[in-house]
Number of protein chains: 2
Amino acid sequence: MGDRLDTVRKCLRQFPEEARELYLNEAVPYLSSPPSPLAFYRDWIGPNKPCIIRNAFNHWPALSRWNPSYLREAVGSKEISVAVTPHGYADAVYGHRFVMPEERRMPFASVLDIVEHKGERTGVFYVQKQCSNLTEELPELTGDLETDIPWMSEALGKQPDAVNFWLGESTAVTSLHKDHYENLYCVISGEKQFILIPPSDRPFIPYELYQPATFCQREDGTFDVVDEPNTEKVPWIPVDPLNPDLQRYPNYSLARPLSCTVKAGEMLYLPALWFHHVRQSHGCIAVNFWYDMEFDIKYNYFQLVESLSKVVGPL
Amino acid sequence: MGDRLDTVRKCLRQFPEEARELYLNEAVPYLSSPPSPLAFYRDWIGPNKPCIIRNAFNHWPALSRWNPSYLREAVGSKEISVAVTPHGYADAVYGHRFVMPEERRMPFASVLDIVEHKGERTGVFYVQKQCSNLTEELPELTGDLETDIPWMSEALGKQPDAVNFWLGESTAVTSLHKDHYENLYCVISGEKQFILIPPSDRPFIPYELYQPATFCQREDGTFDVVDEPNTEKVPWIPVDPLNPDLQRYPNYSLARPLSCTVKAGEMLYLPALWFHHVRQSHGCIAVNFWYDMEFDIKYNYFQLVESLSKVVGPL
């Protein structure tokens, strides 16, 4: 029986290798212009492959307008939600807990002050609320861009589920995770560094269960970690792709992360279920479009791989 | 260890159930008209779901023209390849062998004689050569239809790999198998009965290894089964979906075949990797278009399921 289980493990090791041999790219390719909806569906959404699209939103006024002084003028007095953490890691494993940021309401101008180093603050601030915060909290800015990507909406036959605005410090990091969304990530100014891992590498990605908690900043600037009451433990990825603990998680050495930098004026297509870790240049401004993924054949297959990965343990 | 292997088996049992819950239909749906290339890609090719399309080739002259007397006039003197078998099963398991038909060259008119019951013959005759026999052997008929399906060619960004012509007796049966093609199957006259099983049911489909052989008809009309020299055994499905031996292959009882009848003027989209078994009305005429499938994420996942199905054995 043990032999067969070993063979199952071998299948799960070979599957990501075959993905690379069959269809995955060794680096994230660039498209020089936005594709037709059909070509984009066939070449990228269908095969679930990331790419960076250039010249996709040159016509947005945001690309030339959005800088701290314009934003201060346009939305400086608006209250927005800001994620506050001691070290820049929001929604990440910290001290054996899954710790979410303090969500603080503050005027947009205060965030700009922090980004522009005006005045002293402890903690790391990141406008990253993924509840369509651009259209919900900052509707004044929607005249500077489109609130959907027309060829993507046509390809998928639907409008985006959320349009999110991102502005933060260089120390703000998004830990490795995956989303149930087809994601178009547009960098308006600065740049974002992505580490991407395909869903086929799921067998090499460890998950552990953590008590959920939230950072809470005291008057003196230090942070408490406050357990969420009455919540079950949540599964999260304990590996930091920038410094993976391969002694503890040796399987992760078999994963093959792709790194890419998305510069101002470029758009990353980040396919649903791809694991991603994100950093950015200081004050980077970005907007992303989340389109609901289809829970069909690829999701069905992924769920099988996920279940099997949990069952068989280390490969 | 045995417990974990049992859990792997459970995953493989649940996977096809989840496919049905998530996205598969309980019957093959009908489209009332041909879809746009994008909609067809998104709704059917991408999710790998079969459908029957009506009014898709009403404009083909073949639909009104093709009958025995027209075909006798147009191509009666042409030599074509015909599959000849004693009982109608070509490329099927027979007496512990995988037996292929005798491939006989004969005038098209002789096939029409057989279909019209003119004269005595033993054996079952089926024009079914899948080498683009319409364009290769019967180019005189290509003026009566299109040699591709324009919206499918646009959707896939390529021309069909083969256009096949099918004409046979009601006793001619195509045994359960799958192809590496996206298949559009157009019934010109009569009707075809399909039994379809999704790729997600692969864990329930048995395969065994068989010595390849070929039928060879003697002068007296009886058939020999002649082993192919110097060939390795080939894997084939030993189950007849019309009369499955569930004692021997109990897993097959978990498969959920879909049955559908495709009538004259209708087109079946038979997605790549779907298992299918085909029967037909006597003298049914059909044309099908094979488009190469993409060997990308879905194929990669299917290969994993196939490997695992082989490893774990009965579920």
Side-chain angles (χ1 to χ4, degrees), chain A residues 1-24 36-49 151 154-158 198-200 203 271 273 294-313, chain B residues 1-24 36-49 151 154-158 198-200 203 271 273 294-313:
Chain A
M1 293 299 259
D3 280 351
R4 285 205 196 184
L5 194 60
D6 280 345
T7 313
V8 169
R9 290 198 176 102
K10 191 174 161 202
C11 290
L12 282 171
R13 275 198 312 273
Q14 285 178 338
F15 160 67
E17 274 179 43
E18 284 171 12
R20 271 177 271 279
E21 282 163 23
L22 283 169
Y23 72 100
L24 291 175
S36 75
L38 171 60
F40 196 68
Y41 204 104
R42 186 175 61 212
D43 298 339
W44 305 100
I45 301 171
N48 194 246
K49 288 162 65 174
W151 47 266
E154 192 182 333
L156 297 174
K158 60 190 166 198
S200 46
L273 303 181
E294 290 299 322
F295 293 89
D296 59 15
I297 184 168
K298 286 180 288 182
Y299 180 75
N300 177 223
Y301 274 126
F302 180 80
Q303 290 287 94
L304 173 66
V305 172
E306 181 139 285
S307 308
L308 292 169
S309 301
K310 287 177 191 164
V311 173
V312 302
Chain B
M1 295 297 261
D3 280 352
R4 286 206 195 183
L5 193 61
D6 280 345
T7 313
V8 169
R9 291 199 177 101
K10 193 175 160 200
C11 290
L12 282 171
R13 275 198 310 273
Q14 284 176 341
F15 160 67
E17 273 178 43
E18 284 171 13
R20 271 177 271 280
E21 282 163 24
L22 283 169
Y23 73 99
L24 291 175
S36 76
L38 172 60
F40 195 68
Y41 204 104
R42 186 175 62 214
D43 298 340
W44 306 99
I45 301 171
N48 195 246
K49 288 161 63 173
W151 47 267
E154 192 182 333
L156 297 175
K158 59 190 167 198
S200 46
L273 303 181
E294 290 299 321
F295 293 88
D296 60 14
I297 185 169
K298 286 181 286 181
Y299 180 76
N300 178 224
Y301 275 126
F302 180 79
Q303 290 287 93
L304 173 66
V305 172
E306 181 140 284
S307 307
L308 292 169
S309 301
K310 287 177 191 165
V311 173
V312 302

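Within every chain, numbering begins at 1; the chains are lettered A, B, ... in the order of the sequence lines, protein sequences first and strands thereafter.
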J.: What part of B:Gln14 lies closer than 4.5 angstrom to a heavy atom of chain A: side chain, backbone, both or neither?
T.: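 No part of it gets close to chain A.
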J.: Which of the residues A:Leu38, A:Asp43, A:Asn48, A:Leu308 is involved in the greatest number of heavy-atom pairs with chain B at under 4.5 angstrom?
T.: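 Most heavy-atom pairs within the cutoff with chain B belong to A:Leu38.
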J.: Ignoring hydrogens, what is the shortest heavy-atom contact between A:Ile45 and A:Lys298? Give both atom names and the distance.
T.: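 Scanning both residues, the minimum pair turns out to be O-NZ, 2.8 Å.
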J.: Tell me, for B:Leu156 versus chain A, whether the close heavy atoms (under 4.5 Å) come from the side chain, the backbone, both or neither.
T.: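 Only the backbone of B:Leu156 comes within 4.5 Å of chain A.
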J.: For A:Leu12 and A:Pro203, work out which heavy atoms get closest and say how close.
T.: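 Taking every non-hydrogen atom into account, O-CG, 3.7 Å.
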J.: Can A:Leu304 and B:Tyr301 be said to form a side chain to side chain contact (heavy atoms under 4.5 Å, CB included), step by step?
T.: CA-CA 9 Å; A:Leu304 173 66; B:Tyr301 275 126; over 6 Å; no
J.: When you measure from the side chain of A:Asp296 to the backbone of B:Leu22, do you find a donor-acceptor pair of N or O atoms at a distance under 3.5 Å?
T.: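 Side chain of A:Asp296 to backbone of B:Leu22: no pair is present.
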J.: Determine the minimum heavy-atom distance between A:Lys49 and A:Leu24, stating which atoms define it.
T.: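 For A:Lys49 versus A:Leu24, the nearest heavy atoms are CG-CD2, 4.4 Å.
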J.: Name the region of B:Gln303, side chain, backbone, both or neither, that has any atom closer than 4.5 Å to a heavy atom of chain A.
T.: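 Only the side chain of B:Gln303 comes within 4.5 Å of chain A.
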J.: Quick one: what part of B:Val312 sits under 4.5 Å from any heavy atom of chain A, side chain, backbone, both or neither?
T.: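 Both parts, backbone and side chain.
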J.: Under a 4.5 Å heavy-atom cutoff, which of A:Glu21, A:Glu294, A:Lys10, A:Glu154 has the most pairs with chain B?
T.: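 Of A:Glu21, A:Glu294, A:Lys10, A:Glu154, A:Glu154 has the most heavy-atom pairs under 4.5 Å with chain B.
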J.: Just give me the residue among A:Ala19, A:Pro16, A:Pro37, A:Ser36 that pairs up with chain B most often, heavy atom to heavy atom, under 4.5 Å.
T.: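 Answer, by heavy-atom pair count under 4.5 Å with chain B: A:Ala19.
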J.: Over 60° means perpendicular and under 30° means parallel, so tell me whether B:Trp151 and B:Phe40 are parallel, tilted or perpendicular.
T.: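 Rings of B:Trp151 and B:Phe40: perpendicular, as their planes differ by over 60°.
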J.: Tell me, out of B:Gly157, B:Pro198, B:Ala155, B:Ser200, who's got the most heavy-atom pairs with chain A below 4.5 Å.
T.: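 Highest number of pairs under 4.5 Å: B:Ala155.
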J.: What's the separation between atom CD in A:Glu306 and atom SG in B:Cys11, rounded to the nearest 0.5 Å?
T.: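 One finds 11.0 Å between CD of A:Glu306 and SG of B:Cys11.
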J.: Who among B:Ser307, B:Gly46, B:Pro47, B:Pro199 has the most heavy-atom pairs with chain A under 4.5 Å?
T.: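 Top count of heavy-atom pairs under 4.5 Å with chain A: B:Pro47.
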